[in-house]
Amino acid sequence: MTMAYNLCSSPSSPCPDHHFLFCNTLSAPRPLNLTPYHPLPKPKKPISISPHSKPSLQITHVSTQNPPSAQTPSPNQNPDHKTGFSSKTHIWVNPKNPRASQLRHKSQNSRYDSLVKVAGLLNSCNALEKDVYSILGELGYKIVEQDAVIVLNNMSNPNTAPIVLKYFQERIKLNKEGILYNVTLKVFRKCKALDRAEKLFDEMLERGIRPDNVTFSTIISCARLCSLPKKAVEWFEKMPSFGCEPDGVSFAVMIDAYGRAGNVEMALSLYDRARTENWRIDAVTFSTVIRIYGTSGNFDGCLNVYEEMKALGVKPNLVLYNTLLDAMGRAKRPWQVKTIYKEMLNNGFTPGWATYAALLRAYGKARYGEDAISVYREMKEKGLELNVVLYNTLLAMCADVGFTDEAIDIFEDMKSSENCKPDSWTFSSLVTVYSCCGKVSEAEDKLNEMLDAGFEPDIYVLTSLIQCYGKANRTDDVVRTFNRILELGITPDERSCCCLLNVMTQTPREELVKLTGCIEKANPKLGAVVKLLVEETNIEGDIFKSEAGELLDSIGADVRKAYCNCLIDLCINLNLLERACELLDLGLTLEIYTDIQSKSPIQWSLHLKSLSLGAALTALHIWTNDLSKVLEDGEELPSLLGINTGHGKHKYSDKGLAGVFESHLKELNAPFHEAPDKVGWFFTTKVAAKSWLESRRSHEVVAA
DNA sequence: ATAGGGTTAG
């Protein structure tokens, strides 16, 4: 017998234009070069790897020389051959046709699937030689090394895996025993069992099997997964003594190990070494390095690595794009996220779940409400499920930008989804949603819904509710809710104190005393500072400033600006402009506020983005004083003066700073006018500013 | 899928 497939390439052939692969639906003869492995000597009978399947359906008739059934005619004998028609039992497939490879895959799949099934049985059986061997016995005698690799590679039970290894060692003539050890190491890695991996390594040496780079990278990544970076280093350093030169993958694993351990410096120095030693660094390694830069907050580092990669001619892959998108999201650079995402689509990549998750996180964090919602819709259209974290990210964004209706829809969708349930984060975002639009009873309903769902009230949801009552000027309910926090044994945190402080900025003067009591209980230091303001205590020199400075030093960097903004707002409400200036000055000294004023030869600017209204007015007051001083000193103003209020996506504010600020500028008769083409900018000319500042000064003189 | 590295967060 010659070939079981027929190449009809001769001009006289009935099918001159095509090469046909002769396929039989019962037996699947196939070209030799496609045979995945070569069991030698060739079995006379098909190897039964799947005990339950009929011989005729087995995939082991891969040997083209050995059709499994004598009844199967060879193509040359096939009476239908010349006509090109298939008989009932045969189909003709062009080998260049995708169908041919589909059929090949199908036949391989059943073998692979059977071996995977066996691996599944071994994962859940007792770790007894008797039980393990009995399952493996089903494979029959004619198992080959590759079968053993597939079985072990699909295992996850660290107790049965060594017995399986032993079985194969006994039954198969192994040419590459090291491979079997390496896949068994992978099982231990899956279970984060470094001690077992190390034991197996010793056993390997005892049997005289030489470890290779695969062995080491598997053990190193196991140590990484176990969060044992020192062990990872130890194994990495062992490599040369076993004659193993670390290669690209070894470096990649070590870079990741250092990165996960928080040792950014070592990770990056290895990356440097890999570069200077001219290792071919691939996209996987680059994405690891980008992730390390991203999690350590060096976002420009991410982009530099990305540029380096492109310069080296390495093509980005989907994971790399996902990592980069995630990093730019953390960096709060949604515009960069958009650019990179566009590039990714242009390069033909299809976004996956991780891509959408990165986009949602980026847009949510940056309060790009419309963009976040459209990502959400796209995910729903594609049938991609969101998890709790993603839903909560969306809902938090809705609360931030005031998307009430969207939040309600998303919450309904979340409740109807199978795999995820609202948690206390969800409810607290919803309470915030209602609190922002002043719907007190709806906010209370959400708290009750949360309790009905079996959650304990927590600091987050109660803080959101305090915010809600505060906005509605229900001071007694604020106090009641705050006391509830204390009664539950919860210690108020920085955010809840900040919330109380924010409520104070919206509360009439006569009710403030009720809230100072709460704040004193929550944070005595803050209580003392607030009391100095509310009681309008006259104190000497810099005592207030030093008290406030001590307070701001004692709290986390993430809430410092919020505290400072609230305290200044409180001052403005209480007509304590001097105190407000002291606080703003303190904020500048402590670098809570930076770059409020800037100067270029043609334009001086006041940047009020991220300042509260009170802080913005205080900054304006100081700026105008500074400008007056310039005139007094006989110096020149630039031709243009600008105030930037930002685009106004502020939490808990309907219009944003820009809207409110405009009316204040009018009140002050300040000649600034909103720029039609630059959102959030107010401009005036040197001439107008000069006359305004001079008239202001003469008023002051009159007042004095 | 068929011996080694990467994307899941608030």
Side-chain angles (χ1 to χ4, degrees), chain A residues 36-37 105 108-116 119 144-154 165 174 176-187 189 197 209 211-222 224-225 232 235-236 239 244 246-257 259-260 270 274 279 281-292 294-295 316-327 329-330 351-362 364-365 385-397 399 423-426 428-429 460:
Chain A
Y37 37 84
H105 275 290
Q108 284 178 26
N109 275 344
S110 67
R111 179 190 196 94
Y112 181 81
D113 290 346
S114 306
L115 293 166
V116 170
V144 290
E145 207 163 351
Q146 191 75 30
D147 297 331
V149 171
I150 293 171
V151 169
L152 277 165
N153 200 47
N154 283 284
L165 174 65
L174 295 169
K176 294 167 183 163
E177 200 170 341
I179 294 179
L180 279 200
Y181 273 102
N182 289 344
V183 280
T184 312
L185 285 171
K186 272 176 74 181
V187 178
R189 196 188 57 167
I209 311 291
D212 58 11
N213 279 7
V214 178
T215 316
F216 283 103
S217 60
T218 309
I219 296 176
I220 292 166
S221 75
C222 180
R224 159 181 94 69
L225 285 173
W235 280 97
F236 182 63
M239 291 181 71
C244 294
D247 58 14
V249 176
S250 321
F251 275 110
V253 182
M254 273 314 295
I255 289 171
D256 193 35
R260 302 260 171 181
L270 265 194
W279 278 103
I281 307 171
D282 65 10
V284 174
T285 311
F286 281 115
S287 82
T288 301
V289 176
I290 289 172
R291 198 197 59 231
I292 291 169
T295 48
N317 62 18
L318 184 60
V319 173
L320 187 127
Y321 276 119
N322 293 345
T323 312
L324 199 57
L325 290 170
D326 194 57
R330 279 173 199 270
W353 194 91
T355 317
Y356 290 120
L359 292 179
L360 264 187
R361 217 157 73 91
K365 205 172 183 173
E385 285 231 9
L386 281 81
N387 62 19
V388 196
V389 177
L390 287 187
Y391 273 116
N392 287 347
T393 305
L394 267 173
L395 291 171
M397 179 279 295
D423 63 8
S424 49
W425 285 76
T426 318
S428 101
S429 285
Y460 306 106

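Each chain gets a letter, A, B and so on, in the order its sequence line appears, and its residues count up from 1.
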Q) Given the rule in the side chain to side chain donor-acceptor pair (under 3.5 Å) test, do A:N182 and A:D212 qualify, once you have shown the distances and angles that lead to the verdict? A) CA-CA 9 Å; A:N182 289 344; A:D212 58 11; 3.3 Å; yes

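Picking from B:dG4, B:dA9, B:dG6 the nucleotide with the shortest atom distance to the side chain of A:V319 gives B:dG6. Candidate nucleotides B:dT7, B:dG4, B:dG10 were compared by shortest atom distance to the side chain of A:A354, and B:dT7 ranks first. For A:T285, taking side-chain heavy atoms from C-beta onward, the closest of the listed nucleotides B:dG5, B:dG6, B:dG10 is B:dG5. When distances run from any side-chain atom of A:S250 to the nucleotides B:dA3, B:dG4, B:dT2, the shortest one goes to B:dG4. When each of B:dA9, B:dG4, B:dA3 is scored by its nearest atom to the side-chain atoms of A:Q146, the top-ranked nucleotide is B:dA3. For A:N392, the listed nucleotide lying nearest its side chain is B:dG10; candidates were B:dG6, B:dG10, B:dA1. With B:dA9, B:dT2, B:dG5 as the choices, the nucleotide that has an atom nearest any side-chain atom of A:L390 turns out to be B:dA9. Listed nucleotides: B:dA9, B:dG4, B:dG6. Nearest to the side chain of A:R330: B:dA9.
Rounded to the nearest 0.5 Å, atoms CG (A:D247) and CG (A:N213) are 4.5 Å apart.
Counting any heavy atom pair closer than 4.0 Å across all strands shown, A:T288 reaches sugar-phosphate atoms only and no base atom. Contact annotation for A:N153: backbone-only contact, meaning every heavy-atom pair under 4.0 Å involves sugar-phosphate atoms and none involves a base. Residue A:V249 is in base contact, counting any heavy-atom pair closer than 4.0 Å across all strands shown.
The nearest pair of heavy atoms linking A:K365 to A:G329 is CD-O, 3.7 Å. Here the shortest heavy-atom pairing between A:A197 and A:L185 reads O-CD2, 3.5 Å.
Under 4.0 angstrom from either OP1 or OP2 of B:dG4 there lies at least one side-chain N or O belonging to A:K186. Using a 4.0 Å cut-off, no side-chain N or O of A:R291 falls inside it from OP1 or OP2 of B:dG6.
For the C1' atom pair drawn from B:dG10 and B:dG6, the interatomic distance equals 23 Å after rounding to whole Å. Taking atom C1' in both B:dG4 and B:dT8, the straight-line distance is 23 Å, to the nearest Å. For the C1' atoms, the distance linking B:dA3 with B:dT7 amounts to 24 Å, nearest Å.
In this structure, A:D326 atom CG and B:dA9 atom P are separated by 9 Å, rounded to whole Å. In this entry the distance linking CG of A:D282 with C1' of B:dG6 reads 9 Å, nearest Å. Atom CG in A:L152 sits about 12 Å away from atom P in B:dG4, given to the nearest Å. Atom CZ in A:R260 sits about 13 Å away from atom P in B:dG5, given to the nearest Å. Atom CG in A:L325 sits roughly 11 Å away from atom P in B:dT8 (whole-Å rounding). At whole-Å resolution of the value, CD1 in A:I220 and P in B:dG4 are 15 Å apart. A straight line from CG of A:N154 to P of B:dA3 spans 11 Å, rounded to a whole angstrom. Between A:L225 atom CG and B:dG4 atom P the separation is 14 Å, expressed in whole Å.
Using the six-membered ring where Trp is involved, A:F251 and A:F236 have ring planes that are perpendicular, over 60° apart on the 30 and 60° scheme.
Side-chain atoms of A:D326 and A:T323 form no donor-acceptor pair, as typed in the model, at a separation below 3.5 Å.
Counting atom types as modelled, A:T218 pairs no side-chain N or O with a base atom of B:dG4 as donor and acceptor under 3.5 Å.
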